[in-house]
Amino acid sequence: MHHRTLTENQQGIALLGAMVIVLLVSILASTLLGLSGQEVVSARAGNQLVVAQQLADAAGELAVAWFHDPQSTGGEPRLGLVREKRQRDAQGGPSFFDPNGRSQFVGTSEQPDVTFLAANPVDERLLNDPEVGAFRAMRHLGHIEEVKVYAPSNPGLLCTVDATITTGTTPSVKQSVLFQMGALNLRPLKAAVQVARHLGEFRQGSESPVKVHWGDLRVGETLVLSHEDDIPTKSAMAMVTGQSYDETAQREDRWVEAWVGGQVLVTQPDPAQGQGLPANIHEEQSPIPGIRLDQWGYEDLKRMAKRFGRYFAIDREGLLYPQGLIEPGRGLSPDEVLKSQVSGDQQGLIFIDTLDQLPPRADNLGVLRVRSPYLEATVVMQGHVHISPSGPGTTIKALSPSSSDLNGTVVRTAVQLPGIQVNGVLYATGNIMVTGKSKVYGAVVSGGTIAGTDSRSTLEVWYDHDIGQGWFRGLPVVYRAPGTWVAKY
């Protein structure tokens, strides 16, 4: 009897233990199931936060694009206000900063300089419309709720951009971020061609090889022409086309002015040209009022290239060395560096130093030979340049400088420019030699002179008006300042 009772007790204890184990397993299973569900929720929330951050970052990049691409602002006055340089620097050129370095953006978060709020139907269309909205490329990710632009909190920077976005996920996630922008202080080039010394020599076949469209010609000393009409007359009725002057019956242009420090000499004057030079040619401007030439500082531009562009040293054979490290057998030919495959293949800022990588002097200037069929870049050569393109160039789309139509509306004419070999800036502290016929859309600056190797060599330049406003394609004139990105919520 005692043995049977003990067995029943043992069985009861075993049953109780089994029930406890089942209960514990059930609790564990429930816990694991709950944790699994939380992991799914957490992963989904994490994914939504990633999408929100990517959307906010993309909004920031598009805000940067407002400052670089006039087409990205779509003609909206408030967006144009963001991009417009409304101050003047110490030299009188357009700038984001006044002569004391203060930004043109002075607003606060509560009272920004510019604000766009999607709750406003007009702003909603401007921000998110699938056809014309500034952020239409991100519509599949989410929605821009608000964008504000106001003064920077760090001295020396340009502005603060404050963006609020909502993702298109379910459920949606709202995130607000802000960051600050800096601006590079690269002086605008206010003329199509600038030459510090004389341009041309007074003998037949050695006159100026330069032809200018859409902008000014500035010459520090004497200008020598073959004929009086080598500089086109200025006429508000001139056609705006991509034709070379050799292809037109009458040489005229809406924007050309020639400013010459010394005399203008003509080797083959027209006896019928009794009235002298055209009214848009201004000679003997030095010493008063003087010829203002736009110059870029050596050290500042060198630092800029090392951070935002490409920096090269050069040897006496004309080979280029990235990062300034000259090592035997490591040199690159200019043809490997200075080339673009197609229109839009922007090479950015390319800075080529002197032979000893010290500020330019008469005895340390190398020679850069540019032979590529097409180059899209801002090339700064601390020395001489010899340009002799090996191909016919390419056709590019360009915008003329501003002019008023019959209704008084300020417009820029879209033009196709054929045969362009350099699209951008060609800046040399020394001389520029030209072999053959070269065409440039942009601006050309020589600290010496520009000459052709023979009487048939010409350098024909169509001025890019954006360069005169300080906009240089491929160079981040405005950039997101490092360490300023903050997620508010």
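Here Tyr427 pairs with nothing under the side chain to side chain donor-acceptor pair (under 3.5 Å) rule; sequence neighbours left out. With sequence neighbours excluded, no residue forms a ring-ring contact (aromatic ring centres under 6.0 Å, His included) with Phe312. With sequence neighbours excluded, the residues satisfying salt bridge (Lys or Arg N to Asp or Glu O under 4.0 Å) with Asp335 are Arg371. Among residues two or more places apart in sequence or in another chain, the side chain to side chain contact (heavy atoms under 4.5 Å, CB included) test is passed with Thr233 by Glu252, Pro278. With sequence neighbours left out, the side chain to side chain contact (heavy atoms under 4.5 Å, CB included) criterion links Val415 to Trp214, Val240, Thr413, Leu417. In this view, Ser446 and Ile432, Ile450 satisfy the side chain to side chain contact (heavy atoms under 4.5 Å, CB included) rule, not counting sequence neighbours.
No donor-acceptor pair under 3.5 Å is formed between the side chain of Arg412 and the backbone N or O of Pro401. Side-chain N or O atoms of Thr429 include one that pairs as donor or acceptor with a backbone N or O of Gly383 at under 3.5 Å. Distance alone, capped at 3.5 Å, places no donor-acceptor pair between the His384 side chain and the Gly430 backbone. Judged purely by atom type and a 3.5 angstrom limit, Glu110 has no side-chain atom pairing as donor or acceptor with the backbone of Thr108. Between the side chain of Thr354 and the main chain of Leu358, a donor-acceptor pair closer than 3.5 Å is present.
Other residues, nucleotides and ligands place more than 12 heavy atoms under 6.0 Å from the CD atom of Glu299. Shown here is Arg187, whose CZ atom has more than 12 heavy atoms of other residues, nucleotides or ligands within 6.0 Å.
Side chains of Gln357 and Tyr311: a donor-acceptor N/O pair is present below 3.5 angstrom, by distance only. No hydrogens or angles considered: a donor-acceptor pair under 3.5 Å links the side chains of Ser244 and Glu460. Counted by atom type alone, Ser388 and Thr435 present zero donor-acceptor pairs between their side chains at under 3.5 Å. Inspection of the His143 and Glu124 side chains reveals an N or O donor paired with an N or O acceptor under 3.5 Å. Donor-acceptor pairing under 3.5 Å is lacking for the side chains of Gln416 and Thr395. With hydrogens and angles left out, the side-chain atoms of Ser457 and Lys437 include no donor and acceptor closer than 3.5 Å. Side chains of Tyr245 and Glu247: no donor on one and acceptor on the other come within 3.5 Å. Arg310 and Gln347 share a donor-acceptor pair across their side chains, judged by distance under 3.5 Å alone.
The existence of a salt bridge linking Arg473 and Asp466 is confirmed by a sub-4.0 Å separation between a basic side-chain nitrogen and an acidic carboxylate oxygen. By the 4.0 Å N-to-carboxylate-O rule, Lys302 lies close enough to Asp353 to be salt-bridged with it. A salt bridge between Arg361 and Asp356 is present, with a side-chain N of the basic residue lying under 4.0 Å from a carboxylate O of the acidic one.
No side-chain heavy atom of Asp216 sits less than 4.5 Å from a side-chain heavy atom of Val256. Between Ile396 and Tyr374, some side-chain heavy-atom pair lies under the 4.5 Å cut-off. In this structure, Ile352 and Leu320 have side chains that are in contact, with non-hydrogen atoms separated by less than 4.5 Å. By the 4.5 Å heavy-atom criterion applied to side chains, Val425 and Ile467 are counted as neighbours. Counting only heavy atoms from C-beta outward, the side chains of Pro389 and Pro373 never approach each other to under 4.5 Å. Taking the side chain as every heavy atom from C-beta outward, Lys190 and Gln469 approach each other to under 4.5 Å. Inter-residue side-chain proximity for Val219 and Trp259 is flagged as unmet; no heavy-atom pair is nearer than 4.5 Å. Residues Met381 and Leu368 are in side-chain contact: their nearest non-hydrogen atoms beyond the backbone lie under 4.5 Å apart.
Rounded to the nearest 0.5 angstrom, Ser390 OG and Lys339 NZ are separated by 10.5 Å. Atom OG1 of Thr164 is separated from atom CD1 of Ile144 by 9.0 Å, given to the nearest 0.5 angstrom. In this structure, OH on Tyr441 lies 3.5 Å from CG on Asp464, to the nearest 0.5 angstrom.
For the salt bridge (Lys or Arg N to Asp or Glu O under 4.0 Å) criterion with Lys211, the lone passing option out of Asp229, Asp230, Asp246, Asp253 is Asp246. For the ring pair (Phe, Tyr, Trp, His ring centres under 6.0 Å) criterion with His213, the lone passing option out of Trp462, Tyr463, Trp255 is Trp462.
Nearest heavy atoms, Leu157 versus Phe97: O-CE2, 3.5 Å. Taking both residues in full, the closest heavy atoms of Gln180 and Thr160 are given as CG-OG1, 3.6 Å, listed atom of the first, atom of the second, then distance. Taking every heavy atom of both residues into account, Phe308 and Leu475 meet most closely at CB-CD1, 4.3 Å. Annotation for Ser109 and Asp162: closest pair OG-OD2, 4.2 Å, computed over non-hydrogen atoms. In plain terms, the two heavy atoms of Gly470 and Pro188 that are nearest each other are N-CB, 3.7 Å. Closest heavy-atom contact between Phe96 and Glu84: CE2-O, 3.9 Å.
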(request) Could you walk me through whether Glu145 and Thr166 pass the side-chain hydrogen bond (donor to acceptor under 3.5 Å, both in side chains) test, one step at a time? (result) CA-CA 7 Å; Glu145 297 288 341; Thr166 300; 3.1 Å; yes

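Taking the six-membered ring where tryptophan is involved, the planes of Phe351 and Tyr298 are tilted, since the angle between them lies from 30° to 60°.
Under the 6.0 Å cut-off for aromatic ring centres, Trp296 and Phe472 qualify, their centroids lying closer than that.
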